[in-house]
Colleague: 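I have a structure I would like to understand better, so I am pasting it below and will then ask my questions one at a time.
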There are 2 protein chains.
Amino acid sequence: MTMPKRDTYTPDSLLTVAVQVFNERGYDGTSMEHLSKAAGISKSSIYHHVRGKEELLRRAIARALDHLFAILDEPEAVHGRAVDRLEHVTRRTAEVLMAELPYVTLLLRVHGNTDTERWALARRREFDQQVAALLKQAAAEGDLRADVDVRLATRLLFGMINSIVEWYRPERGTLAAREEVADAVAKMAFAGLRV
Amino acid sequence: MTMPKRDTYTPDSLLTVAVQVFNERGYDGTSMEHLSKAAGISKSSIYHHVRGKEELLRRAIARALDHLFAILDEPEAVHGRAVDRLEHVTRRTAEVLMAELPYVTLLLRVHGNTDTERWALARRREFDQQVAALLKQAAAEGDLRADVDVRLATRLLFGMINSIVEWYRPERGTLAAREEVADAVAKMAFAGLRV
DNA sequence: AGGGTAACCGAACGATCGGTCGGGACAAGA
DNA sequence: TCTTGTCCCGACCGATCGTTCGGTTACCCT
């Protein structure tokens, strides 16, 4: 059996700290000095656990992407009417975004300056396109309003969902709060605010 | 009369270049070397026109904020039923965001690492709160659905609008395209996607 | 007891950061 | 022609960047 208790860092536990700092200061705005202060170990010790700054970013982004793509394989995202599958994916994406908040936040703020960042952007585009296909099908089945362009609607939908990272903070009773937010997103996106 | 033609830089024309690079690489990811290459003048020449990197950021952000706050003073945002004023502000914010895209983009990506950035965040919060008040009033007048929290709805609304900076590119016949997007935002936010 | 190794450290690396400095080219006004 | 001011330059500054290196603990296994 592997022991659950650790008073030293593992690559993963170090990642937890790093991702938090990245989100506070921005990836480019964070130095290894900042990370060492936050982690409570020296700058050089960080390199004992990971190859460098960019590996921390890569690990974080990979984790976010894994969780997001897993949504598309869930039964409710595969079977049923397209508009219902779309609503499920919408709700689940919002939930995953809140559950994996700091990791997804990093993913969403990538600029494309390095190879790692460009890879992140490409994978994100893949995910978006799969959801866009779902939207297109729902429109073809006549379940979405016809006076809004499908690509435009996709972008606005993702915009609304992704914006959660800008303000959501997982302080309180997490699960109920997450469901309330995901519910609000689904209501607003599919039924609108107006009575 | 001042001459309109210039083959040398002014603080404003330099800002145009700088803001573009900031948006491509991120503010922290942009060096003065990057700016000098993009502007076609030496690094030190930039300091002839502006005090430094942070002044460029401050100028850009100030311009974005000026345009945004001007919306709240428009007649249609002051008179009439709250829900209609809210829809006007929604539409106009989307339009301003597209018309002043690179400047607003910078504003929306600020982290709060410096005094300038913290000032930007504070002003942005002011704007958000004024719109939130409008939403609250519309809800009190019974024009918004009661099963979604007002603060939550405000955030999702802004999230949808602000996300435009992530994909909108002002290539084609700008005005008509902008109105189509602003229209889609208003429709989705107030009436929803579902038929 | 002793050998191995995981976890850490301080010091220093070359590169690059934002910014400064003194001066050159050039046009306008006297 | 001489001065003045705008616009720009290359060279350089101290500071900080991400990273490397040699070495010191302290604990595990035999």
Side-chain angles (χ1 to χ4, degrees), chain A residues 1-61 106 110-111 113-117, chain B residues 1-61 106 110-118:
Chain A
M1 272 187 262
T2 60
M3 46 168 52
K5 284 195 177 182
R6 278 271 192 180
D7 61 340
T8 64
Y9 276 111
T10 65
D12 269 355
S13 66
L14 187 59
L15 182 63
T16 306
V17 177
V19 160
Q20 186 179 327
V21 183
F22 284 160
N23 281 325
E24 282 168 5
R25 316 186 61 98
Y27 176 73
D28 284 321
T30 302
S31 70
M32 296 303 278
E33 192 72 38
H34 290 137
L35 292 184
S36 84
K37 296 276 183 190
I41 62 176
S42 78
K43 211 172 48 158
S44 53
S45 295
I46 295 177
Y47 291 86
H48 177 73
H49 301 285
V50 293
R51 285 188 167 278
K53 193 184 174 187
E54 196 165 355
E55 177 174 327
L56 287 167
L57 180 64
R58 184 158 31 82
R59 279 173 180 266
I61 287 173
L106 262 182
V110 147
H111 277 291
N113 293 344
T114 65
D115 283 340
T116 298
E117 301 192 17
Chain B
M1 272 189 264
T2 60
M3 47 168 52
K5 287 196 177 181
R6 279 269 192 179
D7 61 341
T8 63
Y9 277 111
T10 64
D12 269 356
S13 66
L14 187 60
L15 181 63
T16 305
V17 178
V19 161
Q20 186 179 328
V21 183
F22 284 160
N23 281 326
E24 283 168 5
R25 313 187 63 96
Y27 176 74
D28 284 321
T30 303
S31 70
M32 296 303 277
E33 193 71 37
H34 291 137
L35 292 185
S36 84
K37 296 275 184 193
I41 62 177
S42 78
K43 205 174 57 157
S44 52
S45 295
I46 294 176
Y47 290 87
H48 176 73
H49 302 286
V50 295
R51 286 187 166 278
K53 192 183 175 187
E54 195 165 356
E55 177 174 325
L56 288 167
L57 180 65
R58 185 158 30 81
R59 279 174 181 265
I61 287 172
L106 261 183
V110 147
H111 278 290
N113 293 343
T114 66
D115 283 340
T116 298
E117 299 192 17
R118 281 184 284 273

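Naming convention: chains lettered A, B, ... in sequence-line order (proteins, then strands); numbering from 1 in each chain.
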Colleague: I'd like to know if the side chain of B/Glu117 reaches the main chain of B/His111, judged simply by a donor and an acceptor atom lying under 3.5 Å from each other, with no hydrogens or angles considered.
Modeller: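 At least one qualifying donor-acceptor pair exists.
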Colleague: For A/Ile41 and D/dT19, what is the distance between atoms CD1 and P respectively, to the nearest whole Å?
Modeller: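 A/Ile41 atom CD1 is separated from D/dT19 atom P by 15 Å.
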Colleague: Strictly by salt bridge (charged side-chain N to carboxylate O under 4.0 Å, His left out), give each pair with a member in residues 46-55 of chain A just once, sequence neighbours left out.
Modeller: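 Counting only pairs at least two positions apart or across chains, the salt bridge (charged side-chain N to carboxylate O under 4.0 Å, His left out) contacts touching residues 46-55 of chain A are A/Glu55-A/Arg59.
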Colleague: OP1, OP2 of D/dC9 versus side-chain N and O of B/Ser45: anything below 4.0 Å?
Modeller: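 It does, given that an N or O in the side chain of B/Ser45 lies less than 4.0 Å from OP1 or OP2 of D/dC9.
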Colleague: Nearest-Å distance, CG (A/Asn113) to P (C/dT16)?
Modeller: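 In whole Å, C/dT16 P and A/Asn113 CG are 15 Å from each other.
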Colleague: Heavy atom of residues 47-57 of chain B under 4.0 Å from DNA chain C: which residues?
Modeller: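 Going residue by residue through residues 47-57 of chain B, the ones with a heavy atom under 4.0 Å of DNA chain C turn out to be B/Tyr47, B/Gly52, B/Lys53.
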Colleague: Please give me every residue in residues 27-38 of chain A whose heavy atoms get under 4.0 Å of an atom in DNA chain D, ordered by residue number.
Modeller: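 Result for residues 27-38 of chain A: A/Thr30, A/Ser31, A/Met32, sorted by number.
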Colleague: Atom CD1 of A/Ile46 to atom P of D/dT20: distance rounded to whole Å?
Modeller: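 The answer, rounded to whole Å, is 13 Å.
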Colleague: Can you tell me if A/Tyr9 uses its side chain to pair, donor with acceptor, with the backbone of A/Ser45 under 3.5 Å?
Modeller: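 Not confirmed, A/Tyr9 side chain does not pair with A/Ser45 backbone.
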Colleague: Can you sort out the partners of B/Ser31 under side chain to side chain contact (heavy atoms under 4.5 Å, CB included), two or more places apart, ordered by chain and number?
Modeller: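 By the side chain to side chain contact (heavy atoms under 4.5 Å, CB included) rule, B/Ser31 matches B/Glu33, B/His34.
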Colleague: Which atom pairs, donor and acceptor, lie under 3.5 Å between side-chain atoms of residues 14-23 of chain A and protein residues at least two apart or in another chain?
Modeller:
residue, atom, partner, partner atom, Å
A/Thr16, OG1, A/Asp12, O, 3.2
A/Asn23, ND2, A/Val19, O, 3.3
A/Asn23, ND2, A/Pro102, O, 2.9

Colleague: So how far off straight is the helix from C/dA1-D/dT30 to C/dA30-D/dT1, going by the axes through five pairs at either end, to 10°?
Modeller: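 Between the axes fitted at each end of the helix from C/dA1-D/dT30 to C/dA30-D/dT1 lies an angle of 0°.
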Colleague: Could you report the tightest heavy-atom contact between B/Ser36 and B/Ser42, atom names first, then the distance?
Modeller: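 Nearest pair, atom of B/Ser36 first, then B/Ser42: CB-C, 3.7 Å.
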Colleague: Within this structure, what is the CG-OH distance for the pair A/Asn113 and A/Tyr27, rounded to the nearest 0.5 Å?
Modeller: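 The CG atom of A/Asn113 sits 10.0 Å away from the OH atom of A/Tyr27.
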Colleague: Can you tell me how far the CG atom of B/Leu56 sits from the OG1 atom of B/Thr116, to the nearest 0.5 Å?
Modeller: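 The CG atom of B/Leu56 sits 11.0 Å away from the OG1 atom of B/Thr116.
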Colleague: What is the distance, to the nearest angstrom, from the NZ atom on A/Lys43 to the P atom on C/dC9?
Modeller: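 Computing the A/Lys43:NZ to C/dC9:P distance gives 13 Å.
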